Amino acid sequence: MAHFTSLDELSTKEIERLIERGLQLKQGAPVQPIPTKTVANLFFEHSTRTKCSFDMAEHHLGLHVLPFETATSSVQKGETLLDTCKTLQAIGVDALVIRHGETGYYEQLQHHLSIPIINAGDGSGQHPTQSLLDLMTMYEVYGNVIDKIVVICGDLRHSRVARSNAHVLQRLGATVIGSGPREWFDETMGIEYREIDEAFASSDIIMLLRVQHERHLADQDFRATDYHLHYGLTRKRMEQLRPSAIILHPAPINRGVEIAEELVEHPQSRIFEQMTNGVFARMAILERAFNQQTTKETI
Amino acid sequence: MAHFTSLDELSTKEIERLIERGLQLKQGAPVQPIPTKTVANLFFEHSTRTKCSFDMAEHHLGLHVLPFETATSSVQKGETLLDTCKTLQAIGVDALVIRHGETGYYEQLQHHLSIPIINAGDGSGQHPTQSLLDLMTMYEVYGNVIDKIVVICGDLRHSRVARSNAHVLQRLGATVIGSGPREWFDETMGIEYREIDEAFASSDIIMLLRVQHERHLADQDFRATDYHLHYGLTRKRMEQLRPSAIILHPAPINRGVEIAEELVEHPQSRIFEQMTNGVFARMAILERAFNQQTTKETI
Amino acid sequence: MAHFTSLDELSTKEIERLIERGLQLKQGAPVQPIPTKTVANLFFEHSTRTKCSFDMAEHHLGLHVLPFETATSSVQKGETLLDTCKTLQAIGVDALVIRHGETGYYEQLQHHLSIPIINAGDGSGQHPTQSLLDLMTMYEVYGNVIDKIVVICGDLRHSRVARSNAHVLQRLGATVIGSGPREWFDETMGIEYREIDEAFASSDIIMLLRVQHERHLADQDFRATDYHLHYGLTRKRMEQLRPSAIILHPAPINRGVEIAEELVEHPQSRIFEQMTNGVFARMAILERAFNQQTTKETI
């Protein structure tokens with residue numbers, strides 16, 4: 001069963017094959033439509049990018065998408081996630097894309113289903129489709145990430161994006177550095193902490209993390225302008241970046257907090273390119289779920 | 001106008017034709033697509049199974065499904081159900097699938113519309129598409145229900161499933177018995193009450209009803225474990241069932257309340273099969289609404 | 001870029017071309033499908049008619065509609081409208097239909113996007129697709145509106161329908177009159193106020209505006225029956241109308257308030273016809289957004 005729950009479950013060879021397939025799809029590689037299959041997207045947490053990106057990827061693959069709204073489903077009557085998934089399986093759904101607030105929600109679930117689960121984010125755990133699109137964006141620029149220096153800056157402790165990325169980037173040969181507020185750094189992630197100005201100036205890839213409204217911005221003691229000054233990508237820090245360095249952000253962006261308003265669309269920013277790439281990364285993941293023949297392994 | 005609001009409106013011959021058509025569709029009978037027609041699914045109450053099942057049935061028939069979310073519709077501005085339906089008719093919708101909290105909501109409505117209504121559940125009234133899939137599941141096993149003993153167990157008083165089923169089963173030749181808490185039994189349904197152990201041991205078909213969270217499980221005096229012990233399908237009661245007896249439940253299931261966790265997928269359980277059958281039952285109903293030629297009457 | 005934000009931006013020639021195209025589509029003019037394009041409908045305010053009408057128009061044009069629910073989007077995480085729109089553009093959406101509570105929301109937005117925006121209503125500003133379908137309904141009856149007398153009756157001050165219509169009707173040659181409660185009249189709209197009985201009796205077109213629940217009907221001092229008596233289309237006023245006069249209402253209707261229950265489907269009422277026309281008006285607008293060749297200009 002080709003579940004896609006965490007990049008840890010995939011070999012580096014398989015990860016690089018997916019990246020390559022995503023880049024080929026972006027360049028117009030032909031798609032073999034899968035019109036006889038149905039997918040349901042179960043988003044139990046807010047999403048624009050990931051949800052819409054999957055919808056678009058499914059459309060490009062000719063898949064049927066079963067409408068599913070968590071707010072009006074029987075989840076509201078207390079139905080468990082397992083029974084909801086088994087129900088969808090019983091009525092003929094062939095794959096499930098799931099975002100859920102519970103970290104590792106898929107661990108038990110995957111053993112009780114005969115259809116693949118694609119993890120679109122689990123609590124503070126993993127966000128492997130975001131990682132794949134991030135990697136695709138880096139490979140698009142650099143070919144690979146061997147010996148590249150990647151700084152991840154912000155609330156590493158609560159970020160599923162950071163966690164997914166830190167590990168896979170190291171497996172693929174990159175050097176990963178953490179930065180931002182010391183108290184938000186996560187010692188358990190197995191990466192080095194560096195002070196922001198030094199970290200930014202020496203990196204090839206700057207990954208800014210979102211300051212989460214629900215955690216920090218509502219906090220009266222938290223000042224967005226202070227954060228920007230101390231831990232954001234200011235115009236001044238921009239000038240210190242390597243000219244070849246690229247800027248990533250998983251979005252939604254807090255303009256003027258993690259990044260200065262006018263830098264969001266700077267030529268070195270790949271923020272909107274990441275979103276474009278997300279569609280193709282997810283097409284590659286969906287093809288895998290349906291065992292479509294994709295590219296030959298050339299890596 | 002081929003409304004589908006209550007099985008009481010259909011002859012037994014027509015009911016059995018729909019059951020047969022559903023079973024044929026399940027076995028792969030060819031479908032004549034209806035791509036020029038548009039359906040809207042109006043669900044004013046929570047649903048996973050019924051809503052998704054209709055969506056899937058409509059997909060298999062090649063119908064266009066107009067997205068309609070009650071939460072963001074003008075119903076929120078106080079528009080009546082009639083005006084909402086007339087609006088959809090005016091913009092070109094060809095059939096309406098409606099679940100609504102008001103018992104008998106369709107009675108006035110159907111006289112003001114020129115497009116068919118399919119009742120997907122009305123208050124504590126009817127749930128005829130559920131009845132049809134229940135019947136289909138019984139016919140699949142037994143061929144028909146003549147002289148079969150069916151026990152309906154649980155909150156009969158508030159169950160639209162019970163009400164729909166009790167009547168039609170008797171019309172089709174079955175003996176229907178009520179069981180579960182005495183105070184939840186409904187004398188007006190014209191069926192006999194029997195104590196649970198006796199009822200279960202002598203039945204061919206066990207229909208468990210859902211204990212409604214919103215009515216009972218939130219009640220501090222209500223104890224799920226007590227209910228299970230006194231009125232649920234325990235492992236012990238399972239052992240007393242006839243080996244040929246089948247277990248049905250309209251779902252969502254409260255595992256460990258109406259039925260022991262480990263019995264949900266017991267070989268005698270048809271609970272997930274019911275969901276699968278629901279898609280085909282609804283295809284047969286939709287074909288009827290659009291006057292598609294279906295199977296020849298062979299009953 | 002073929003934005004469609006306000007009829008003020010279009011020449012009268014272009015407006016009449018759209019009306020004509022809408023009427024041709026209604027009569028069955030062939031459509032050139034646009035299946036390679038994707039549209040997203042962003043409704044930040046409640047809607048049945050406009051939202052469903054766009055969905056149906058998009059279906060008829062063979063467009064792919066990307067599902068987008070504001071309630072579960074990242075808008076809930078504080079994402080700006082601009083970033084939401086840029087995200088959708090980045091993932092491959094080709095046009096945006098937007099209803100938003102902020103008057104003139106599109107003014108800045110349109111300069112930052114490379115895909116067309118279709119305004120489906122902005123705060124108390126414009127509702128140009130409604131205006132177009134209103135015009136289409138008038139042209140269908142009268143051929144044009146030159147020298148026709150149009151009375152707009154109700155809460156002109158808070159109505160985006162009134163504002164859009166008053167201006168364009170005058171540009172197209174009609175005489176526009178305001179009526180209803182004096183205190184709800186808007187002096188800045190450049191139209192004359194007339195007392196209701198006189199206004200109704202002398203008009204060719206009666207446009208009733210909706211009394212907004214959220215503003216008035218919840219007000220304890222506001223009495224629906226008083227409003228009906230003083231400012232509604234009663235049976236008595238109906239008898240005074242010109243036999244050729246037609247009645248319009250943007251809906252949802254408060255039956256018994258703006259119009260007597262039994263007059264909603266009076267032969268002179270075009271209220272449901274407006275909804276039917278809305279689909280074709282929006283098809284014409286979407287064709288324009290995608291630069292489809294439509295009718296030759298024959299006006």
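The chains referred to below are lettered A, B, ... by the order of the sequence lines, with proteins before strands, and numbering in each begins at 1. Values in this document were obtained by computation on a predicted structure and should not be read as measured data.
When each of B:Val65, B:Leu66, B:Ile91 is paired with C:Asp55, the side-chain contact (heavy atoms from CB on, under 4.5 Å) condition holds for B:Leu66 and for no other.
Within the model, atoms CG of B:Asp83 and CG of C:Asn254 stand 9.5 Å from one another, a figure rounded to the nearest 0.5 Å.
Looking at B:Glu79 and C:His46, their side chains never come closer than 4.5 Å, going by heavy atoms from C-beta outward. Side-chain contact check for C:Cys52 versus B:Leu88: some heavy-atom pair is nearer than 4.5 Å.
Residue C:Arg282 does not touch chain B at all, counting heavy-atom pairs closer than 4.5 Å. With a 4.5 angstrom heavy-atom cutoff, B:Gln89 does not touch chain C via any of its atoms. Neither the backbone nor the side chain of C:Phe43 comes within contact range of chain B, judged by heavy atoms closer than 4.5 Å. Only the side chain of B:Thr38 comes within contact range of chain C, with heavy atoms under 4.5 Å apart.
Contact between C:Phe272 and B:Thr87 at its shortest, heavy atoms only, is CE2-N, 4.1 Å. The two residues B:Ala90 and C:Met275 come nearest to each other via the heavy atoms CB-CB, 3.8 Å.
Among the candidates C:Arg255, C:Glu273, C:His60, C:Lys51, the residue making the largest number of heavy-atom pairs closer than 4.5 Å to chain B is C:Arg255.
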